[in-house]
Amino acid sequence: SPSISITATTLATIPTAISDLQYSDLGANGLKLSWSSPSYDGGSTVTDYKVEQSVDGTTWTTVQRTASTNTNQVIAGLTPAKNYQYRVSAVNQIGLGPASTAISITTLATTPSSVRNVAVGQLTSSSLVLSWTVPVTDGGSQITDYLIEQSNDGGANWTQLSRSASTLTSQSITGLTPASSYSFRVSALNSVGLSNSQTISATTLATKPNTPTDLVASSITSSSFQLNWTAPGFDGGSAITDFKLEISEDGTIWKNISKSVSVNSNFTVTGLVPAKNYFVRVSAVNLIGQSTATAELVVTTPATVPSQA
């Protein structure tokens with residue numbers, strides 16, 4: 001009898017596994033995966049690849065991506081110095097092929113994030129204490145030190161403060177000038193480098209004036225003399241408002257010389273006794289207080305000539 005021929009087509013199936021999964025462009029926050037398409041598409045064209053990520057090798061999440069037959073994928077938003085695992089599966093109209101062998105990748109460390117909450121405390125006329133909070137992230141590499149810089153000109157020029165490496169989050173700053181403005185900035189340091197800095201400004205407190213200088217007496221008579229002095233070279237950061245004059249007959253017991261408030265640097269002392277030693281001294285006064293007094297000046301009034309009978 002005559003033979004009958006028949007034609008049949010087998011059903012398509014899922015693709016085989018992809019091969020050569022590898023990575024490139026590794027950074028602290030991302031990388032690029034690439035792979036080779038499967039050796040057999042299962043008889044149905046590959047329409048997409050499923051990319052999965054895990055941080056423990058047990059729980060896997062799908063990386064969100066637009067369906068594509070491209071054999072690479074950029075991964076972003078990763079944490080520095082952290083281990084991730086990836087696997088890729090090919091997809092066709094029948095379904096999902098087997099996952100590739102997973103690869104393990106550790107992202108690079110990076111510089112720390114900025115320090116937080118920089119503050120100034122214990123402010124005096126010549127010192128202060130800087131404090132701050134550690135960065136939110138150390139960049140995947142332990143913080144080893146903090147760089148502290150100081151500017152005396154509003155941030156135009158900066159000088160690094162000398163200090164031993166320390167992870168303490170405070171620093172005493174000394175040797176400052178009263179009533180002066182300073183800027184400070186703090187950066188965190190790890191093995192990769194420095195974080196961005198955080199800046200704060202502060203003005204030191206005013207203080208008492210320096211001591212007046214060049215106290216001299218002139219126009220000496222039997223009952224008066226004139227005092228002259230030079231105002232201090234530094235007013236303590238607060239304008240001088242007066243000079244305090246004191247007089248003593250023995251250099252031990254002192255009393256104030258009555259005078260009007262004045263910034264004049266001279267005064268005539270009257271009502272004195274002839275042929276007598278007087279000790280005098282001068283102090284400068286500002287809103288903060290009184291300076292130390294000058295060294296005492298001894299002035300001797302001359303004797304009077306006896307009247308003729």
Side-chain angles (χ1 to χ4, degrees), residues 25-31 76-83 105-211 213 231-240 284 286-289 291-292:
D25 301 338
L26 180 63
N29 304 111
L31 54 89
L78 304 182
T79 301
K82 185 169 183 175
N83 183 261
I105 308 166
T106 299
T107 51
L108 303 180
T110 187
T111 55
S113 58
S114 299
V115 301
R116 300 168 292 150
N117 306 321
V118 179
V120 170
Q122 301 179 38
L123 186 65
T124 73
S125 61
S126 61
S127 66
L128 53 83
V129 174
L130 282 179
S131 62
W132 58 91
T133 305
V134 297
V136 171
T137 172
D138 63 7
S141 176
Q142 185 176 11
I143 292 172
T144 57
D145 193 15
Y146 292 97
L147 176 71
I148 302 173
E149 297 171 281
Q150 175 180 312
S151 174
N152 304 341
D153 56 12
N157 296 282
W158 294 89
T159 301
Q160 181 178 338
L161 298 185
S162 176
R163 69 182 218 129
S164 300
S166 173
T167 56
L168 296 177
T169 55
S170 65
Q171 177 67 43
S172 295
I173 311 293
T174 59
L176 305 179
T177 301
S180 297
S181 294
Y182 296 91
S183 297
F184 300 93
R185 63 187 185 189
V186 183
S187 308
L189 176 69
N190 67 6
S191 61
V192 180
L194 280 173
S195 71
N196 292 329
S197 62
Q198 290 294 306
T199 303
I200 193 170
S201 297
T203 300
T204 51
L205 303 180
T207 188
K208 299 174 183 178
N210 286 355
T211 304
T213 57
F234 179 58
D235 62 9
S238 177
I240 290 172
N286 67 7
L287 291 176
I288 309 302
S291 74
T292 56

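As a basis for the values below, the full set of heavy atoms in this structure was taken, side chains included, without hydrogen atoms, waters or symmetry mates. Since this is a predicted model, take the numbers as computed values, not measurements.
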- prompt: Under 3.5 Å, side chain of Thr124 to main-chain N/O of Ser127, donor-acceptor pair present?
  reply: yes
- prompt: Do Val129 and Val120 have side chains that get closer than 4.5 Å, going by heavy atoms?
  reply: no
query: What is the distance from atom OG of Ser183 to atom CD of Glu149, rounded to the nearest 0.5 Å?
result: 11.5 Å
Intermediate values then yes/no, side chain to side chain donor-acceptor pair (under 3.5 Å), Arg163 and Gln171: CA-CA 9 Å; Arg163 69 182 218 129; Gln171 177 67 43; 2.7 Å; yes
- request: Carefully, step by step, assess Leu108 and Lys82 under the rule side chain to side chain contact (heavy atoms under 4.5 Å, CB included).
  value: CA-CA 8 Å; Leu108 303 180; Lys82 185 169 183 175; over 6 Å; no
- request: Run the numbers on Ser180 and Thr204 for side chain to side chain donor-acceptor pair (under 3.5 Å), then give the verdict.
  value: CA-CA 5 Å; Ser180 297; Thr204 51; 4.6 Å; no
- line: The reported gap from CD1 in Ile288 to NZ in Lys208 (rounded to nearest 0.5 angstrom) is 10.0 Å
- request: Quick one: closest heavy-atom pair of Leu78 and Gly30, and the distance?
  value: CD1-CA, 4.0 Å
task: Could you grab the distance from atom OG1 of Thr111 to atom CD1 of Ile143, nearest 0.5 Å is fine?
output: 10.0 Å
message: side chain to side chain donor-acceptor pair (under 3.5 Å) for Ser141 and Ser191? Distances and angles first, verdict last.
response: CA-CA 6 Å; Ser141 176; Ser191 61; 2.5 Å; yes
task: Identify the heavy atoms of Pro112 and Pro135 that sit nearest to each other, and give their distance.
output: CB-CG, 4.3 Å
Closest approach of Gly237 to Ala179 (non-hydrogen atoms, all atoms of both residues): CA-CB, 3.4 Å
- prompt: Is the charged tip of Arg185 near the ring of Trp158: under 6.0 Å from the six-membered ring centre and within 45° of its axis?
  reply: yes
field: Chi angles and distances behind the side chain to side chain contact (heavy atoms under 4.5 Å, CB included) call for Val186, Gln198
entry: CA-CA 5 Å; Val186 183; Gln198 290 294 306; 5.6 Å; no
- request: Determine yes or no for a side-chain-to-main-chain donor-acceptor pair under 3.5 angstrom, with Ser291 supplying the side chain and Ala284 the backbone.
  value: yes
- prompt: Backbone N or O of Ser113 within a donor-acceptor pair of the Thr137 side chain at under 3.5 Å?
  reply: no
query: Is there a side-chain contact between Leu31 and Leu26 (heavy atoms, below 4.5 Å)?
result: yes
statement: Taken to the nearest 0.5 Å, the spacing of Ser114 OG from Leu194 CG works out to 10.5 Å
field: Student check: side-chain heavy atoms of Tyr146 and Leu189 closer than 4.5 Å
entry: no
Ser125 side chain vs Ala206 backbone, donor-acceptor pair below 3.5 Å: no
query: After noting the C-alpha distance and the side-chain angles of Val134 and Arg116, does the key distance pass the side chain to side chain contact (heavy atoms under 4.5 Å, CB included) rule?
result: CA-CA 6 Å; Val134 297; Arg116 300 168 292 150; 4.2 Å; yes
task: State, with a plain yes or no, whether a side-chain heavy atom of Asn152 is found less than 4.5 Å away from one of Tyr182.
output: yes
- prompt: Does Ser195 reach the main-chain N or O of Ser187 with its side chain, forming a donor-acceptor pair under 3.5 Å?
  reply: no
CG-OG1 distance between Leu123 and Thr203, expressed to the nearest 0.5 angstrom: 8.0 Å
query: What are the two closest non-hydrogen atoms of Pro232 and Asn210, and how far apart are they?
result: CB-O, 3.1 Å
Flag side-chain contact, heavy atom, 4.5 Å: Ile148 against Leu130: yes
query: Are the side chains of Pro80 and Asn29 in touch, meaning some heavy atoms are under 4.5 Å apart?
result: yes
field: Verdict with reasoning, Gln160 to Leu147, per side chain to side chain contact (heavy atoms under 4.5 Å, CB included)
entry: CA-CA 7 Å; Gln160 181 178 338; Leu147 176 71; 2.9 Å; yes
query: Is the shortest heavy-atom distance from the side chain of Asp145 to the side chain of Thr167 under 4.5 Å?
result: no
task: Give a yes or no answer on whether the side chain of Asn190 reaches the backbone of Asp138 with a donor-acceptor pair at less than 3.5 Å.
output: yes
message: Please check this pair: side chain of Ser151 against backbone of Asn157, looking for a donor-acceptor N/O pair closer than 3.5 Å.
response: yes
field: Point-to-point distance, once rounded to the nearest 0.5 Å, from OG of Ser238 to CG of Leu287
entry: 4.0 Å
query: Between Thr133 and Thr169, is any pair of side-chain heavy atoms under 4.5 Å apart?
result: no
- request: Return the minimal non-hydrogen interatomic distance between Leu128 and Ala202, and the atom names on each side.
  value: CD2-CB, 4.2 Å
- request: Return yes if some donor-acceptor pair links the side-chain N/O of Thr107 with the main-chain N/O of Ala81 below 3.5 Å, else return no.
  value: yes
